[in-house]
Every structure is written in structure tokens, then in C-alpha cells.
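Ligands are counted one by one from 1 in listed order, and the atoms in each one are counted from 1 as well. Everything quoted here is computed from the prediction, not taken from an experiment.
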Amino acid sequence: MKTQLRSSRVVIIGTGAVGSTTAYTLLLRERVSELVLIDANKDKALGEALDMNHGLPFTGGVKLWAGDYSDCADADIIVIAAGASQRPGETRIDLLKRNAGIFDSIIQNIVKYNDHGIILVATNPVDILTYVSLKKSGFPSNRVIGSGTLLDSARFRYLIGQNKGINPRSIHAHIVGEHGDSELPLWSLANVAGIGLEFSDQDREDIFDSTKNAAYEIINAKGATSYAIALALDRIIVSILQDEGSVLNVSTLLNDYNGVSDVYLGVPSIVDRTGVRQVLDLELSDQELIQFQNSANKLKSEIANLEL
Ligand SMILES: NC(=O)c1ccc[n+]([C@@H]2O[C@H](COP(=O)([O-])OP(=O)(O)OC[C@H]3O[C@@H](n4cnc5c(N)ncnc54)[C@H](O)[C@@H]3O)[C@@H](O)[C@H]2O)c1
């Protein structure tokens with residue numbers, strides 16, 4: 001008997017470097033049956049949709065179009081990658097004022113048409129804007145997710161892999177906390193096949209500096225980051241649509257978690273069809289605990305200045 005594949009729709013709001021590369025990644029990997037592109041700059045969304053549609057004879061049968069918010073009605077996942085990105089030298093927090101403003105109307109427009117989907121935020125500062133999305137949407141927190149430190153953890157794994165001469169897919173290692181300058185590496189959990197990894201102090205410093213400063217380095221060199229974040233978003237989307245239950249360092253609402261409450265941070269979480277099904281407990285050292293709480297406090301003081 002032929003298995004009927006469930007149709008799935010992903011809407012991407014903001015079709016700049018991140019949004020359009022994410023759409024292209026989903027298209028190439030044939031992840032969804034319907035892909036909708038929305039941008040305040042309608043021509044941009046239209047141009048990206050046309051360009052990608054012309055590649056369909058070489059890929060699978062994805063239905064892709066430049067749409068509007070009414071297309072959110074049937075969306076399983078709505079990705080938000082709209083808004084300002086870092087200019088050379090800017091931090092992610094520097095984007096808060098500019099990007100929090102546009103989230104008002106974006107979230108209002110989404111909830112006008114959709115009450116069942118999952119909102120996946122990439123726009124920076126991602127942890128704070130995911131919290132803003134939660135408050136403004138009224139969705140349950142399991143269905144409002146940020147890309148968190150999934151990308152940072154991928155950078156960390158890549159750099160550890162380079163250092164050890166091991167494929168990064170075989171490296172298990174985590175960056176947690178803010179997707180930004182206060183994030184922290186969990187060296188004690190870094191392992192290959194369950195075997196802990198040894199590093200010199202200098203290697204630790206070099207690997208973490210390169211992880212944390214990767215975005216600055218790439219933005220200085222080419223103006224934006226796009227490929228790895230697109231693959232990270234693809235990973236989260238697939239874990240949701242295929243009900244995988246994969247453990248991913250997404251940004252999720254924390255309550256009574258290592259002394260932290262009412263803030264979004266990147267931590268290992270089980271992601272499935274329901275969104276974030278469960279946040280995994282992390283045993284942090286005394287020093288890691290202080291760093292983690294500092295990361296939370298930094299974001300909470302920024303949130304306190306917002307009208308929510
Ligand atoms: N979470 C992560 O790991 C991660 C990684 C890379 C970039 N980012 C962030 O993603 C965001 C997008 O980055 P980019 O490089 O694609 O920027 P970009 O400037 O290339 O694209 C942004 C797009 O958003 C659109 N836009 C602006 N306001 C809008 C609105 N109200 N509604 C709909 N569309 C709107 C613009 O027209 C533009 O096409 C930035 O905030 C960036 O910092 C996050």
C-alpha cells in the first residue's frame with residue numbers, strides 16, 4: 001500500500017541572507033511540500049521565489065511562492081528571519097531596538113491567521129525576540145522556539161573536530177546560554193563515543209574564542225552569515241515535521257532551571273512535532289552555573305526595558 005505523505009507548509013518571513021538560504025536549503029533537501037516566502041520588500045520575496053522555482057526541474061516537487069500573511073493559516077512552522085542584521089562591529093543586542101519594533105506587527109499578523117503552528121525565530125537578538133514572540137503571540141511556550149545556540153554548538157563541534165582530526169558529526173559538545181557574547185562552552189560534556197576529550201588551556205581558549213566570534217569574523221569578511229544558520233534551521237524544522245525527538249540546543253523558555261526563570265536561553269531540548277517537548281537537565285559546575293545565570297540576567301535586564 002502506498003504511504004500517503006502528510007503535506008507540510010513552512011512560511012519564511014524575511015527573505016534576506018538567512019531566510020532565502022533557509023528556503024533554498026529546504027528546497028534542495030525536499031523537506032516540505034509547500035514553502036511560502038514573505039518579506040516587507042515584496043519584490044525581494046517575489047524575486048527569490050521566481051529564482052528558486054526555476055530550479056524545480058532539477059529538484060523535487062516543492063510548491064513554492066511569494067505570499068502574504070493569510071498563507072500562515074495552513075502553516076506548520078513559521079520561521080522569522082526578518083529585520084536588521086549586524087553591521088561590522090555591532091553586537092546582536094545592538095539590534096534589539098530596531099528588531100523588537102517590527103516583531104509587534106509580524107506576530108500580530110501571524111496570529112490573525114494561525115493558532116496551531118510553531119513559531120521558529122532566527123532574528124537577533126534571538127533569545128530576547130523569541131521571548132517577545134511568546135508574549136505577543138499567546139502561544140504555549142513549547143510552540144515558540146528560537147534557533148538558540150544550535151549554530152554556536154555546530155561551530156564549536158566543527159572547531160573541536162578540526163583540532164582532533166575527527167569528523168564534527170562524531171563530536172558531541174554544547175554551547176549554552178545566550179546566542180551571543182555571554183554564551184558558554186560546556187567543556188566537561190565534550191566527548192567522542194562517550195569518551196571525554198582533553199584540551200590544553202590554550203586550545204580551549206582558541207576554540208571558544210573562534211566559536212564566539214565566528215559571526216563577527218564572517219560578517220567582516222562577507223557581510224552576513226547564511227549557510228550554517230540555514231542548515232541549523234533545517235535541522236530544527238525536520239526534527240519538528242518528522243516528529244524526531246532530536247536533542248537540539250534551541251532557545252526555549254526556562255523556568256526554575258539552574259536558578260533561572262522566565263527567560264529564553266539555548267539549552268539541550270527534545271524537539272518533536274509538539275515543538276520543545278522537554279528541556280534536559282544540565283549539571284553545571286559552580287563556575288558554569290555563575291556564567292549561565294549571568295547570561296540569563298543580562299537578557300532579563302534587556303527584556304525589562306521592553307514594552308510587552
Ligand atoms: N539566530 C542565528 O543564529 C542567526 C544567524 C544569522 C543571522 N541571524 C539574524 O537573522 C536576521 C536576518 O539576517 P539577514 O542577514 O537575513 O538580514 P537581511 O538584511 O539580509 O534580510 C532581512 C530581511 O528582512 C526583511 N524585513 C525587514 N523588516 C521586515 C518586516 N517587518 N516584515 C517582513 N520582512 C522584513 C528585509 O526586507 C530583508 O529582506 C538578523 O537579525 C540576523 O542577525 C540570526
Q: Is Glu183 paired with Lys212 through a side-chain N to carboxylate O contact shorter than 4.0 Å?
A: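 Salt bridge: no.
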Q: Please tabulate, for side-chain N and O atoms in residues 87-97, each donor-acceptor pair with protein atoms closer than 3.5 Å (sequence neighbours left out).
A:
| from | atom 1 | to | atom 2 | distance (Å) |
| --- | --- | --- | --- | --- |
| Glu90 | OE1 | Arg87 | N | 2.8 |
| Glu90 | OE2 | Arg98 | NH2 | 2.4 |
| Thr91 | OG1 | Ile93 | N | 3.4 |
| Thr91 | OG1 | Asp94 | N | 3.1 |
| Thr91 | OG1 | Asp94 | OD1 | 3.4 |
| Thr91 | OG1 | Asp94 | OD2 | 3.2 |
| Arg92 | NE | His179 | NE2 | 3.1 |
| Asp94 | OD2 | Thr91 | N | 2.8 |

Q: Looking at every non-hydrogen atom in both residues, tell me the closest pair between Arg204 and Trp187 and how far apart they are.
A: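 Scanning both residues, the minimum pair turns out to be O-CZ2, 3.3 Å.
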Q: Please tabulate, line by line, the atom pairs linking an N/O of ligand 1 to a protein N/O at a distance below 3.5 Å, with the distance in Å to 0.1, or answer 'none'.
A:
| from | atom 1 | to | atom 2 | distance (Å) |
| --- | --- | --- | --- | --- |
| ligand 1 | 1 (N) | Ala122 | O | 2.9 |
| ligand 1 | 1 (N) | Ser147 | OG | 2.8 |
| ligand 1 | 3 (O) | His179 | NE2 | 3.1 |
| ligand 1 | 8 (N) | Asn124 | ND2 | 3.3 |
| ligand 1 | 16 (O) | Ala17 | N | 3.0 |
| ligand 1 | 16 (O) | Val18 | N | 2.8 |
| ligand 1 | 20 (O) | Ala17 | N | 3.0 |
| ligand 1 | 24 (O) | Gly83 | N | 3.1 |
| ligand 1 | 34 (N) | Ala40 | N | 3.1 |
| ligand 1 | 37 (O) | Asp39 | OD1 | 2.5 |
| ligand 1 | 39 (O) | Asp39 | OD1 | 3.4 |
| ligand 1 | 39 (O) | Asp39 | OD2 | 2.7 |
| ligand 1 | 41 (O) | Ala84 | O | 2.7 |
| ligand 1 | 41 (O) | Asn124 | N | 3.1 |
| ligand 1 | 43 (O) | Asn124 | ND2 | 2.9 |

Q: My understanding is that only residues two or more places apart in sequence, or in another chain, count here; which of them pass side-chain hydrogen bond (donor to acceptor under 3.5 Å, both in side chains) with Tyr216?
A: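 Partners of Tyr216 under the side-chain hydrogen bond (donor to acceptor under 3.5 Å, both in side chains) test: Asp181.
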Q: Does the side chain of Asp262 pick up a donor-acceptor pair with the side chain of Tyr131 at under 3.5 Å?
A: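 Result is yes, a qualifying pair exists.
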Q: Holding to side-chain hydrogen bond (donor to acceptor under 3.5 Å, both in side chains), I want the full list of residues that pass it with Ser251, two or more places apart in sequence or in another chain.
A: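 Partners of Ser251 by the side-chain hydrogen bond (donor to acceptor under 3.5 Å, both in side chains) criterion, ordered by chain and then number, come out as Asp127.
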